[in-house]
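Before any comments, here is the structure.
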Amino acid sequence: GLASVDGGLFFERPLNWFGQNLTQTLEPRLFYLWQEFDEQAELPLFDASKLTFGYSQLFRDNRFSGFDRIGDADQISAGVTTRFLATSTGREYFRFSVGEIFYFDDREVTLSGAPTEADLDSSSAIAAEMAASIYGNWKIKGNMVWDPHESKVEEGGAGLSYQRDSRHIFNLGYRNRFDQDIEQTDLSFYWPVSQHFSVLARWNYDLESGRTIEAFGGVEYADCCLKVRLMARRFLDSPTAQDFENVEADNGVFLQIVFKGLAGFGTQVESVLEQGIRGYRTPEASDYFTN
């Protein structure tokens, strides 16, 4: 059985900052989750993994991805968000969130083996994230996970991004998961170089192993009748996001052709772009031909 209760409040106040009228919000939130324990040790693991902990994870109903493991739970999550918005337009200039999970019972369902020390703690790590508009369409983001039981930072990350519209995207990011020796950089962009041609690329690099996790690059042509993409990709397939030194790289070349009014060709290319370029979305068929 599963039961959950989610609730929050919304407060706001006017604010004048350097002559500009702003609205500051305060948004506390509580989320109670109960999931009955069910023995799953004998079930095979195909696509289940433990989700990376962050602020959004506080309000999910399962701590695992996929359907091969359903985590037992008796817990309450507490979080709060504050935003600074332009009063006239509603544009968000700054956002900060912080929260934690408090457990009423130990977690027994694991991916393998006995529960770890973290599964026996009475509370989770403290997760925080922030985002700020710094100039025009430029934004910075950051996140941190602090373990109060060990008095140490488990994870930290930062990013710089630019997105004017769905065709002008640039991202630069860095993350470090100290407890798992994961330190990575990430660069991606999707950018038109003329009326009909655009370039797209991603380079995700692991500093610990000194290897590229994923790199792809390509060129796109679009006019009133069709869109054509040609892309080359090289990546390391490591589900645990570790042990990159011993993983053999996979290579691929992809060709995508989409005719006006039709969809469904080259969907693997769309999946790679959605996962690799933050801010990219798969366009509707009618969107392919706007310039």
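Numbering of residues begins at 1 and proceeds along the displayed sequence.
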Return a table of donor-acceptor pairs under 3.5 angstrom between the side chains of residues 151-163 and protein atoms on other chains or two or more places apart.
| unit_1 | atom_1 | unit_2 | atom_2 | d |
| --- | --- | --- | --- | --- |
| Q163 | NE2 | G279 | O | 3.3 |

Salt bridge flag under 4.0 Å for residues [X] and [Y]:
{"X": "E92", "Y": "K139", "result": "no"}
{"X": "E214", "Y": "R202", "result": "yes"}
{"X": "D6", "Y": "R29", "result": "yes"}

For T82 and E27, run side chain to side chain contact (heavy atoms under 4.5 Å, CB included): C-alpha distance rounded to whole Å, both residues' side-chain angles, the deciding distance at 0.1 Å, then the answer. CA-CA 6 Å; T82 184; E27 307 164 38; over 6 Å; no
Measuring from [X]:[atom1] to [Y]:[atom2], what's the distance to the nearest 0.5 Å?
{"X": "N171", "Y": "I277", "atom1": "CG", "atom2": "CD1", "answer": "8.0 Å"}
{"X": "F259", "Y": "I257", "atom1": "CZ", "atom2": "CD1", "answer": "5.5 Å"}
{"X": "L22", "Y": "T25", "atom1": "CG", "atom2": "OG1", "answer": "11.5 Å"}
{"X": "R281", "Y": "I169", "atom1": "CZ", "atom2": "CD1", "answer": "9.5 Å"}
{"X": "I182", "Y": "I213", "atom1": "CD1", "atom2": "CD1", "answer": "8.0 Å"}
{"X": "L15", "Y": "Q20", "atom1": "CG", "atom2": "CD", "answer": "10.5 Å"}

Taking all non-hydrogen atoms of both residues, which atom of [X] and which atom of [Y] are closest, and how far apart?
{"X": "Y280", "Y": "E270", "answer": "OH-OE1, 2.5 Å"}
{"X": "V199", "Y": "F189", "answer": "CG2-CE1, 3.8 Å"}
{"X": "F94", "Y": "A132", "answer": "CD1-CB, 3.8 Å"}
{"X": "L33", "Y": "S4", "answer": "CD1-CB, 4.2 Å"}
{"X": "D223", "Y": "C225", "answer": "OD1-N, 2.8 Å"}
{"X": "G71", "Y": "N62", "answer": "N-OD1, 3.0 Å"}

Over-ring placement of R107 relative to Y103, 6.0 Å and 45° cut-offs: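 Checked: cation-pi criterion met.
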When you measure from the centre of the six-membered ring of F11, is the NZ or CZ of R13 under 6.0 Å away and within 45° of the axis? no
Does [Y] offer a backbone N or O that forms a donor-acceptor pair with the side chain of [X] under 3.5 Å?
{"X": "S194", "Y": "F197", "result": "yes"}
{"X": "S77", "Y": "F59", "result": "no"}
{"X": "Q35", "Y": "G1", "result": "yes"}
{"X": "R233", "Y": "N251", "result": "no"}

Relative to the ring of H196, is the ring of Y221 parallel (under 30°), tilted (30 to 60°) or perpendicular (over 60°)?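 Ring orientation of Y221 relative to H196: tilted.
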Around atom CZ of F10, are there more than 12 heavy atoms from other residues, nucleotides or ligands closer than 6.0 Å?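 Buried by this count: over 12 neighbours within 6.0 Å.
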Should we say atom CZ of R278 is surrounded by more than 12 heavy atoms from elsewhere, each under 6.0 Å from it?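 Not buried by this count: 12 neighbours or fewer within 6.0 Å.
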Does some side-chain heavy atom of [Y] sit less than 4.5 Å from a side-chain heavy atom of [X]?
{"X": "Q24", "Y": "E12", "value": "no"}
{"X": "V269", "Y": "F216", "value": "no"}
{"X": "L187", "Y": "F170", "value": "yes"}
{"X": "D119", "Y": "T110", "value": "yes"}

Could you please spell out the steps behind the side chain to side chain contact (heavy atoms under 4.5 Å, CB included) verdict for D105 and Q75? CA-CA 7 Å; D105 203 354; Q75 64 192 50; over 6 Å; no
Can you tell me which residue among V258, L255, V219 is in a side chain to side chain contact (heavy atoms under 4.5 Å, CB included) with V228?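 Answer to the side chain to side chain contact (heavy atoms under 4.5 Å, CB included) test with V228 among V258, L255, V219: L255.
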Pick one: which of E220, H168, R167 meets side-chain hydrogen bond (donor to acceptor under 3.5 Å, both in side chains) with Y190? E220
State yes or no: are the ring centers of W203 and Y205 separated by less than 6.0 Å?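 For W203 and Y205, the ring centres are under 6.0 Å apart.
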Could you check, using the six-membered ring where one of them is a Trp, whether Y93 and F84 have ring centers closer than 6.0 angstrom? no
Before giving the answer on side chain to side chain contact (heavy atoms under 4.5 Å, CB included), spell out for L236 and E248 the whole-Å C-alpha distance, their side-chain angles and the decisive distance to 0.1 Å. CA-CA 7 Å; L236 304 179; E248 185 175 349; over 6 Å; no
If the condition is side chain to side chain contact (heavy atoms under 4.5 Å, CB included), which residues does E108 pass it with, not counting sequence neighbours?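 With neighbours one apart ignored, the set is F37, D72.
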Which residues pass the side chain to side chain contact (heavy atoms under 4.5 Å, CB included) test with A131, sequence neighbours left out? R95, K141
Any link between [X] and [Y] through a network of hydrophobic side chains (Ile, Leu, Val, Met, Phe, Trp, Tyr) touching at under 4.5 Å?
{"X": "W138", "Y": "W191", "value": "yes"}
{"X": "L111", "Y": "I70", "value": "no"}
{"X": "V109", "Y": "L51", "value": "no"}
{"X": "V272", "Y": "L200", "value": "yes"}
{"X": "W146", "Y": "F96", "value": "yes"}

Partners passing side chain to side chain donor-acceptor pair (under 3.5 Å) against E274 (at least two apart in sequence or in another chain):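 T282.
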Output all residues satisfying side chain to side chain donor-acceptor pair (under 3.5 Å) with T23, sequence neighbours left out; order by chain, then residue number.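 Side chain to side chain donor-acceptor pair (under 3.5 Å) list for T23, sorted by chain: T87.
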Full working for side chain to side chain contact (heavy atoms under 4.5 Å, CB included) between V80 and V98: CA-CA 6 Å; V80 63; V98 62; 3.8 Å; yes
Ignoring hydrogens and angles, write down the donor-acceptor pairs under 3.5 Å from the side chains of residues 120-129, residues two or more places apart or on other chains.
| unit_1 | atom_1 | unit_2 | atom_2 | d |
| --- | --- | --- | --- | --- |
| S123 | OG | E100 | OE2 | 3.3 |
| S123 | OG | H149 | NE2 | 3.2 |
| S124 | OG | I101 | N | 2.9 |

